[in-house]
Amino acid sequence: MPRVVIATSNPGKVCEFRAIWAGAGVELVGLDAFAPVSFPEEGDDYEANARVKAETAAQALGVAAVADDSGLEVEALGGRPGPRSARYGGPGLDDRGRAARLLAELETVPAGERGACFVCVAALALPDGRVFVARGECPGQILTAPTGTGGFGYDPVFALPGETTSLAELDEAAKNGLSHRGRALQALAPELARVGA
Ligand code: IMP
């Protein structure tokens with residue numbers, strides 16, 4: 001089977017890439033199977049960030065690479081933190097701390113105004129320089145307290161429209177079936193036929 005490197009060090013993303021593309025006809029390999037790759041600093045554009053991550057890995061390793069750039073856009077915050085979601089609140093916070101910080105920032109925002117959307121742009125880079133890109137979105141709302149232990153990142157404070165169950169309470173298959181990452185990777189899947197072709 002042709003190999004594709006998953007160009008991310010985020011273990012939550014690695015699990016989701018593997019589950020979403022299970023049976024897609026490629027062998028998904030982690031970055032840990034290779035010598036370390038150094039990635040450039042991220043900017044504020046999902047597509048540019050996803051492309052540069054996938055291209056950097058594909059060029060450095062000589063193997064096809066997939067990467068994503070994703071984030072949470074909160075309406076009451078004018079779309080923040082968006083592409084800066086991993087950096088929201090500063091370098092001292094972990095996933096749980098960032099989610100708590102978000103809830104604190106939204107403390108006075110009423111139920112009907114807590115709309116948000118997860119966005120994911122996924123990029124597949126081939127060693128010959130070709131890059132394919134797809135985008136997925138998952139609209140929903142920010143809860144008032146974290147619930148659930150699954151998923152990663154902001155999953156415990158995010159629910160689908162009109163729901164009170166967080167993404168962290170869904171099983172992996174349910175989340176991947178409707179998530180921004182699931183949608184982006186499903187849209188990108190037909191391009192996998194080009195890997196090794
Ligand atoms: P980046 O794509 O590495 O810049 O990181 C995106 C950040 O957005 C993650 O670190 C999470 O904080 C957040 N994020 C992206 N996708 C998800 C998701 O599926 N669930 C929860 N948080 C997510």
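Remember, it's 1-based here, ligands and their atoms both numbered in the order they're listed. Here the structure is a predicted model, which means the values were calculated and not measured.
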Can you produce the list of protein nitrogen or oxygen atoms under 3.5 Å from a nitrogen or oxygen of ligand 1, alongside each distance?
from	atom 1	to	atom 2	distance (Å)
ligand 1	2 (O)	Lys13	NZ	2.7
ligand 1	2 (O)	Asp69	OD1	3.4
ligand 1	2 (O)	Ser70	N	3.0
ligand 1	2 (O)	Ser70	OG	3.4
ligand 1	3 (O)	Lys13	NZ	3.1
ligand 1	4 (O)	Glu42	OE1	3.2
ligand 1	4 (O)	Asp69	OD1	3.3
ligand 1	16 (N)	His180	NE2	3.1
ligand 1	16 (N)	Arg181	NH2	2.9
ligand 1	19 (O)	Lys175	NZ	2.8
ligand 1	19 (O)	His180	NE2	3.1
ligand 1	19 (O)	Arg181	NH1	3.2
ligand 1	20 (N)	Asp155	OD1	2.7
ligand 1	20 (N)	Lys175	NZ	3.4
ligand 1	22 (N)	Tyr154	N	3.1

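In this structure, Asn49 contributes its side chain and Gly43 its backbone to a donor-acceptor pair below 3.5 Å.
Using a 4.0 Å cut-off between charged nitrogen and carboxylate oxygen, Arg194 and Glu191 count as a salt-bridge pair.
Between Phe118 and Tyr154, the angle of the ring planes lies from 30° to 60°, which puts this pair in the tilted group.
Looking at Val14 and Leu28, their side chains never come closer than 4.5 Å, going by heavy atoms from C-beta outward.
Glu113 and Val109 get closest at one heavy-atom pair: O-CG1, 3.3 Å.
Each of Leu192, Val66, Asp68 was evaluated against Leu185; a single residue qualifies, Val66, per the side chain to side chain contact (heavy atoms under 4.5 Å, CB included) test.
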